[in-house]
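Index from 1, following the sequence. Computed over heavy atoms, backbone and side chain alike; hydrogens, waters and symmetry mates excluded.
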Amino acid sequence: MRGLVVVLLGVLLGSCSTPPTVLEQILRLGELRVVTTNSPATFYYGSEEARGIEYELALGFAEKLGVDLEIVTENGLGDLLPSVASHDAHIAAAAVMVTDERERLVSFGPPYHRAAQLVIYRRGAHRPQTIADLVGGRIEVLAGSVHAAMLEAARAEHPKLLWREDPRASIEDLIRRVHEGVIDYTIVPSNAYGLLRHSYPEARAAFRVGGTYDIAWALPKGADRLREQIAAYFAEIEATGELDRILDRYYFASRGFDYVGSRAFLRHMEQRLPKYRQYFEEAERATGIDWRVLAAIGYQESHWNPQAVSPTGVRGIMMLTEQTAAMVGVDDRSDPRESILGGARYFKRVLAKIPERIPEPDRTWLAMAAYNIGFGHLEDARILTEMQGGDPDRWDHVRERLPLLTRKEWYSRVKRGYARGNVPVVYVDNIRRYHEMLMWLADRQMVSEYREPAARSSGTG
């Protein structure tokens with residue numbers, strides 16, 4: 001990390017004019033150095049790709065500037081802002097909450113999200129209602145967090161309130177400890193809890209404490225031109241809807257929490273998925289479709305049960321009909337390998353019907369709906385979407401109109417008529433949740449540094 005400082009000093013000393021601004025340093029170096037943490041809300045590296053809200057946002061900004069993106073992770077929040085304040089990093093992008101105390105150390109870009117603070121307890125234990133109910137419990141929070149400051153302020157009224165600040169823990173670590181009963185309580189941001197509660201269903205939200213906070217990127221004091229570019233970037237992606245799409249891609253899985261369903265999914269991930277993962281991965285090699293997408297479809301279809309049979313006669317892990325099985329060369333639908341490879345081949349056929357101009361992940365979600373309801377009915381829903389002024393290439397727009405296929409005043413206006421349009425909505429929603437959990441839990445890797453080359457543009461002077 002100190003190497004960057006040396007490079008910057010060389011730039012400064014080699015210039016006879018006014019020292020370059022932080023933005024000019026980034027452009028001259030050809031690199032945007034971002035410090036963050038490992039989490040689904042920020043950055044992590046899966047088996048083949050980097051993911052995370054902050055990663056996607058930072059990559060988009062680096063591409064706008066025409067520079068490479070370098071990600072550096074820190075263990076906790078306490079190291080993030082000092083890295084920016086000392087110019088070891090250009091930006092801290094880690095779902096950082098804006099507070100008066102932090103604004104004395106760094107500057108912030110425009111807020112792009114908000115979060116409340118939640119007290120987390122273990123399901124089945126006594127649910128606390130106020131801070132007073134936490135007295136005597138085992139409490140852990142992140143060191144240097146706003147939660148620690150909240151507890152410190154509360155101790156004036158509750159002198160026996162005690163807690164531990166962990167300088168190396170992540171938010172996920174704390175939620176996991178509550179889930180496992182290692183500690184009684186923690187306090188975490190609502191956005192992070194939403195992303196993780198399916199993975200740790202025993203950890204429940206008890207009550208909100210304090211107000212809500214803006215979330216924004218932190219940057220060095222005096223980096224006004226950099227802040228202007230960040231503000232322009234966020235204004236652009238907000239206007240185009242890209243910001244909402246990125247947030248929805250991750251936060252969608254947090255909606256509609258189902259305790260029983262989440263527990264079952266985690267149990268089946270541990271007990272069933274290992275038996276069939278090799279076949280999903282083989283199917284990915286054969287078709288080019290991410291094995292986690294195929295596994296999420298398989299879970300929605302059968303809960304990874306090769307002996308599953310529906311009342312209509314579809315069967316196997318991918319729940320193929322006799323006709324579909326014959327089409328894709330499956331002789332034994334109850335054979336897990338045949339079913340998975342056959343289902344992957346069929347999904348690839350459906351995906352090929354979706355126009356290639358449609359960007360991911362919308363193209364995949366539309367294909368999933370067609371896999372469930374049939375391509376013709378999906379096309380009817382896309383026509384209705386266009387009739388109503390929506391974008392037929394966006395899944396969220398088509399998702400809103402699929403239920404219209406149950407209403408005569410609408411299905412009578414399209415070619416294929418009535419369809420149970422609510423079914424594919426639930427179908428795709430569930431698969432998206434399973435897919436997101438697989439992306440985070442199946443083979444995440446925590447890396448300390450990651451470099452992503454960005455396509456060069458003209459940049460900004």
Side-chain angles (χ1 to χ4, degrees), residues 194 198 240-262 264-265 293-294 296-303 308 310-314 318-321 323-324 343 346-347 349-355 357-437:
H198 285 287
T240 61
E242 181 61 18
L243 176 59
D244 286 339
R245 284 192 285 274
I246 291 173
L247 294 175
D248 181 68
R249 193 144 57 235
Y250 293 88
Y251 288 122
F252 178 85
S254 68
R255 302 172 195 160
F257 175 74
D258 176 4
Y259 171 78
V260 174
S262 295
F265 181 81
V293 169
L294 299 173
I297 294 173
Y299 189 79
Q300 171 63 22
E301 293 285 359
S302 69
H303 286 196
S310 82
T312 59
V314 296
M318 303 300 278
M319 297 297 273
L320 302 177
T321 65
Q323 181 180 3
T324 300
Y346 179 63
F347 183 73
R349 288 190 179 203
V350 176
L351 185 64
K353 295 180 180 180
I354 308 299
R357 70 171 184 277
I358 300 176
E360 292 293 358
D362 293 83
R363 188 166 180 252
T364 292
W365 307 147
L366 290 167
M368 284 180 184
Y371 185 93
N372 176 258
I373 199 174
F375 180 76
H377 287 304
L378 175 70
E379 284 297 286
D380 285 348
R382 294 180 69 218
I383 290 170
L384 294 179
T385 300
E386 198 162 23
M387 284 182 184
Q388 293 192 343
D391 184 346
D393 292 350
R394 283 185 55 178
W395 165 245
D396 57 337
H397 288 200
V398 178
R399 180 184 181 277
E400 290 181 17
R401 277 75 180 194
L402 272 163
L404 296 179
L405 296 177
T406 65
R407 294 164 54 181
K408 187 173 182 180
E409 66 267 32
W410 288 105
Y411 71 67
S412 61
R413 302 174 67 178
V414 289
K415 182 177 180 181
R416 296 155 193 90
Y418 172 85
R420 296 171 63 203
N422 296 299
V423 175
V425 171
V426 175
Y427 181 84
V428 177
D429 285 357
N430 287 342
I431 291 174
R432 289 181 65 183
R433 292 189 182 96
Y434 301 142
H435 176 253
E436 192 59 40
M437 292 177 74

So do [Y] and [X] actually touch side chain to side chain, heavy atoms under 4.5 Å?
X	Y	result
I354	F375	yes
V293	M368	yes
R413	M387	yes
Q388	L404	yes

Just wondering, are more than 12 heavy atoms of other shown residues or ligands nearer than 6.0 Å to CD in Q323?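 Atom CD in Q323 is not crowded, with 12 or fewer foreign heavy atoms closer than 6.0 Å.
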Angle between ring planes, Y427 versus Y371, binned at 30° and 60°: parallel, tilted or perpendicular?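 Rings of Y427 and Y371: parallel, as their planes differ by under 30°.
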Give me the atom names and distance for the closest heavy-atom approach of [X] to [Y].
X	Y	result
P424	I373	CG-CD1, 3.7 Å
Y418	R420	OH-CG, 3.5 Å
L405	A381	CD1-CB, 4.3 Å
H435	A296	N-CB, 3.7 Å
D362	D396	OD2-N, 4.4 Å
G390	P392	O-CD, 3.4 Å

Step-by-step side chain to side chain contact (heavy atoms under 4.5 Å, CB included) determination, D248 to R432: CA-CA 11 Å; D248 181 68; R432 289 181 65 183; 3.0 Å; yes
All side-chain hydrogen bond (donor to acceptor under 3.5 Å, both in side chains) counterparts of E386, not counting sequence neighbours: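 Residues passing side-chain hydrogen bond (donor to acceptor under 3.5 Å, both in side chains) with E386: none at all.
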Interatomic spacing from [atom1] in [X] to [atom2] in [Y] - rounded to 0.5 Å:
X	Y	atom1	atom2	result
M318	L294	CE	CG	5.5 Å
I383	L378	CD1	CG	10.0 Å
D393	I358	CG	CD1	4.0 Å
Q300	F265	CD	CZ	11.0 Å
S262	R433	OG	CZ	9.0 Å
T324	M319	OG1	CE	12.0 Å

Residues forming a salt bridge (Lys or Arg N to Asp or Glu O under 4.0 Å) with R245, sequence neighbours excluded: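 Listed in chain order: E242.
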Under the 3.5 angstrom rule, does the side chain of [X] hit a backbone N or O of [Y] as a donor-acceptor pair?
X	Y	value
R363	L351	yes
R401	H397	yes
D380	R416	yes

Steps toward salt bridge (charged side-chain N to carboxylate O under 4.0 Å, His left out) verdict (R382, E379): CA-CA 5 Å; R382 294 180 69 218; E379 284 297 286; 2.8 Å; yes
For V428 and R399, what are the C-alpha separation, side-chain angles and deciding distance, and is it a side chain to side chain contact (heavy atoms under 4.5 Å, CB included)? CA-CA 9 Å; V428 177; R399 180 184 181 277; over 6 Å; no
